[in-house]
> 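Structure below; questions to follow.
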Amino acid sequence: MWAASLAILYGFNHNLLPGSTNLSPYSTTLVSGFLAVISVNIVIVFYIFMAMREPADKHVPDPKFLAEAKASMKQSTGESQQPNKPIKKQD
């Protein structure tokens, strides 16, 4: 993600891209900055698109993790049903 934006900035600042030699320094900075931001957004959209195309049934959770999570949930709900005892302040 960072490589595309750095390549765009480098290309504009070193006149490697066609048409960038005719621009003023102010315009070069603005155009290269806008294009770098757009390139990062394109990479993010591509990443989201690829993540959404991935099948949901492909991944199976770890059984050990599930067992520990269920035990943790049972323990936390069991503790919350007990009456709360007041905590005495110690000096």
> List for me each residue that meets side chain to side chain contact (heavy atoms under 4.5 Å, CB included) alongside Lys64, sequence neighbours excluded, and say none if there are none.
Asp62, Glu68
> To the nearest 0.5 Å, what is the distance between OG on Ser5 and CD1 on Ile38?
12.5 Å
> Can you give each donor-acceptor pair under 3.5 Å made by side-chain atoms of residues 46-56, sequence neighbours left out, with the distance rounded to 0.1 Å?
from  : atom 1 : to    : atom 2 : distance (Å)
Glu54 : OE2    : His59 : NE2    : 2.3

> Side chain to side chain contact (heavy atoms under 4.5 Å, CB included) with Val43: which residues, sequence neighbours excluded?
Met1
> Excluding sequence neighbours, so at least two apart, what forms ring pair (Phe, Tyr, Trp, His ring centres under 6.0 Å) with Tyr10?
His14
> Picking from Ile8, Leu6, Ile44, what satisfies side-chain contact (heavy atoms from CB on, under 4.5 Å) with Ser39?
Ile8
> Is Leu30 isolated, or which residues cluster with it under the ILVMFWY side-chain rule of less than 4.5 Å, directly or via members?
Tyr26, Phe34
> With ILVMFWY side chains joined below 4.5 Å, transitively, what does Leu9's cluster contain besides itself?
none
> Please list, chain by chain and in numerical order, all residues satisfying side-chain hydrogen bond (donor to acceptor under 3.5 Å, both in side chains) with Thr29, sequence neighbours excluded.
none
